[in-house]
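The structure appears right after this line, and notes come after that.
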Amino acid sequence: MKFKKKLLAGLAVVALLVGGLAGCGKQSADNSVKRIKDKGTLTIGTSADFAPFEFPVMRNGKKVIMGYDIMVARKIAQSMGVKLKVQNIEFPSLISELQNHKVDLVLAGMTKTKKRENAVDFSKPYYTESEKILVKKSDANKFNTKADTKGANLGAQQSSTQETLGKSETDAHIVTESLTTGLTTDLKAGKLDGVILATTVAEQYVKKYPNDYALAKYNMKVPNSLKYLNIAIPKNEPALKKQINKEITHLQKTGQLDKMFKKAQQQQEKYGK
């Protein structure tokens with residue numbers, strides 16, 4: 001009988017401990033969506049040098065950031081009933097700014113990599129992209145195979161998918177800068193032999209400057225893991241991730257993602273970006 005009483009008493013203590021731990025779990029529950037709703041603003045980080053995904057323009061004497069990623073972010077903000085705030089940050093610093101909660105999300109033509117996944121979480125894909133090498137028009141036939149890139153100086157944005165692919169899919173020396181626009185300027189000046197860019201971005205350069213640029217014929221192999229653009233989210237915020245994925249699914253099913261991308265390209269042409 002004494003043993004039975006001791007056993008029951010021990011079980012009671014365990015139950016209290018489990019209940020206490022459960023209570024602690026409730027206190028540390030994810031409030032990521034509530035936090036954003038309470039402040040009334042969704043703040044995103046982007047690097048506005050990657051048209052048509054994000055680029056700066058002057059409207060009514062004021063500098064604003066436009067593009068596909070901004071449109072997607074605005075839809076997410078609307079789904080949460082809050083305003084959108086955009087912060088322009090150099091691409092290599094975006095992940096750390098997200099980790100430090102300086103921004104709520106990152107939308108910057110970013111792909112999900114193993115290294116980045118160690119630092120932040122990602123949404124489901126919202127765009128599929130390929131990669132090209134942008135060259136001077138006079139060098140249109142210079143890079144037809146990987147072997148042709150040996151000894152060349154190719155530019156790629158620092159900490160980007162293009163830098164990763166440049167190192168694995170070319171035999172060139174990869175030169176990195178924080179801004180894509182700086183790389184294309186160096187290409188035009190003859191300081192680089194080419195710049196690795198998302199195909200959509202590279203095509204827009206050729207379309208805008210047909211006498212200056214061309215696309216190299218070499219088609220780099222892009223792993224499936226690097227073909228998709230994703231939204232970066234802070235670690236351990238499943239409620240926010242669920243909210244974002246729900247909105248992306250809605251935008252995909254209703255065809256709004258395709259419409260917004262076309263609109264972003266029209267904006268790019270309108271403002272000469």
Side-chain angles (χ1 to χ4, degrees), residues 36 41-57 59 63-80 82-98 102-113 116 120-131 157-162 178-181 184 197-205 226-234 240-241 243-252 254-273:
I36 293 170
T41 305
L42 174 68
T43 303
I44 71 155
T46 194
S47 180
D49 63 332
F50 204 59
F53 295 94
E54 42 268 329
F55 52 92
V57 300
R59 295 179 66 180
K63 188 176 182 179
V64 297
I65 298 173
M66 304 177 72
Y68 178 62
D69 282 341
I70 310 308
M71 294 179 191
V72 174
R74 186 166 290 111
K75 288 291 185 180
I76 293 171
Q78 289 173 355
S79 74
M80 300 172 71
V82 298
K83 295 180 179 179
L84 178 67
K85 180 179 179 181
V86 181
Q87 290 192 8
N88 190 17
I89 302 166
E90 289 190 353
F91 193 86
S93 300
L94 284 168
I95 293 294
S96 61
E97 291 293 281
L98 182 62
K102 298 292 181 65
V103 295
D104 299 310
L105 304 172
V106 167
L107 286 92
M110 185 173 284
T111 57
K112 179 173 65 175
T113 65
R116 289 172 183 159
V120 298
D121 284 337
F122 285 93
S123 71
K124 65 184 295 186
Y126 66 98
Y127 189 78
T128 304
E129 185 60 279
S130 58
E131 309 293 332
Q157 189 172 48
Q158 184 181 352
S159 303
S160 68
T161 298
Q162 290 75 36
S178 59
L179 297 176
T180 297
T181 47
T184 54
L197 293 170
T199 299
T200 306
V201 178
E203 287 176 342
Q204 288 297 322
Y205 270 99
L226 297 180
K227 288 181 179 180
Y228 307 108
L229 302 189
N230 308 80
I231 299 171
I233 308 164
L240 182 56
K241 183 175 181 177
Q243 175 74 29
I244 293 167
N245 284 342
K246 180 180 177 181
E247 184 60 19
I248 291 174
T249 298
H250 169 70
L251 295 173
Q252 287 173 331
T254 57
Q256 292 184 68
L257 286 180
D258 291 337
K259 290 178 181 178
M260 287 190 293
F261 193 81
K262 290 178 181 178
K263 184 176 180 181
Q265 289 179 308
Q266 292 169 354
Q267 287 178 341
Q268 180 183 5
E269 293 176 9
K270 177 180 178 181
Y271 290 98
K273 294 296 178 178

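Computed over heavy atoms, backbone and side chain alike; hydrogens, waters and symmetry mates excluded.
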Give a yes or no answer on whether the side chain of [X] reaches the backbone of [Y] with a donor-acceptor pair at less than 3.5 Å.
| X | Y | value |
| --- | --- | --- |
| Thr46 | Leu107 | yes |
| Asp121 | Ile233 | no |
| Gln157 | Leu179 | no |

Any side-chain heavy-atom pair from [X] and [Y] closer than 4.5 angstrom?
| X | Y | result |
| --- | --- | --- |
| Pro56 | Asn88 | no |
| Glu129 | Thr111 | no |
| Gln252 | Lys124 | yes |
| Thr184 | Tyr205 | yes |
| Lys270 | Gln266 | no |
| Val72 | Glu247 | no |

From [X] [atom1] over to [Y] [atom2], what is the distance, rounded to the nearest 0.5 angstrom?
| X | Y | atom1 | atom2 | result |
| --- | --- | --- | --- | --- |
| Ile76 | His250 | CD1 | NE2 | 12.0 Å |
| Leu251 | Asp258 | CG | CG | 10.5 Å |
| Thr181 | Phe55 | OG1 | CZ | 13.5 Å |
| Leu229 | Thr161 | CG | OG1 | 8.0 Å |
| Met110 | Phe122 | CE | CZ | 6.0 Å |
| Asp104 | Ile231 | CG | CD1 | 12.0 Å |

Candidate pair Leu226 and Thr113, rule side chain to side chain contact (heavy atoms under 4.5 Å, CB included), full reasoning: CA-CA 7 Å; Leu226 297 180; Thr113 65; 3.6 Å; yes
Ignoring hydrogens, what is the shortest heavy-atom contact between [X] and [Y]? Give both atom names and the distance.
| X | Y | result |
| --- | --- | --- |
| Thr200 | Gln265 | CG2-NE2, 4.0 Å |
| Gln267 | Gly67 | OE1-N, 3.8 Å |
| Ile248 | Leu257 | O-CD1, 4.3 Å |
| Gln243 | Ser79 | NE2-OG, 3.1 Å |
| Ser130 | Thr199 | OG-OG1, 2.6 Å |
| Met260 | Met71 | O-SD, 3.3 Å |

Other residues, nucleotides, ligands: >12 heavy atoms within 6.0 Å of Lys85 NZ: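 Not buried by this count: 12 neighbours or fewer within 6.0 Å.
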Thr43 versus Gln87, side-chain donor and acceptor atoms under 3.5 Å: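 Per modelled atom types, Gln87 and Thr43 side chains form no pair under 3.5 Å.
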Whether Tyr68 and Phe53 hold their rings parallel, tilted or perpendicular, with breakpoints at 30° and 60°: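 Perpendicular.
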Evaluation steps, side chain to side chain contact (heavy atoms under 4.5 Å, CB included), between Leu240 and Met80: CA-CA 10 Å; Leu240 182 56; Met80 300 172 71; 4.1 Å; yes
Ile44: which of Leu98, Ile89, Val103, Ile70 passes side-chain contact (heavy atoms from CB on, under 4.5 Å):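 Output: one option passes, namely Ile70.
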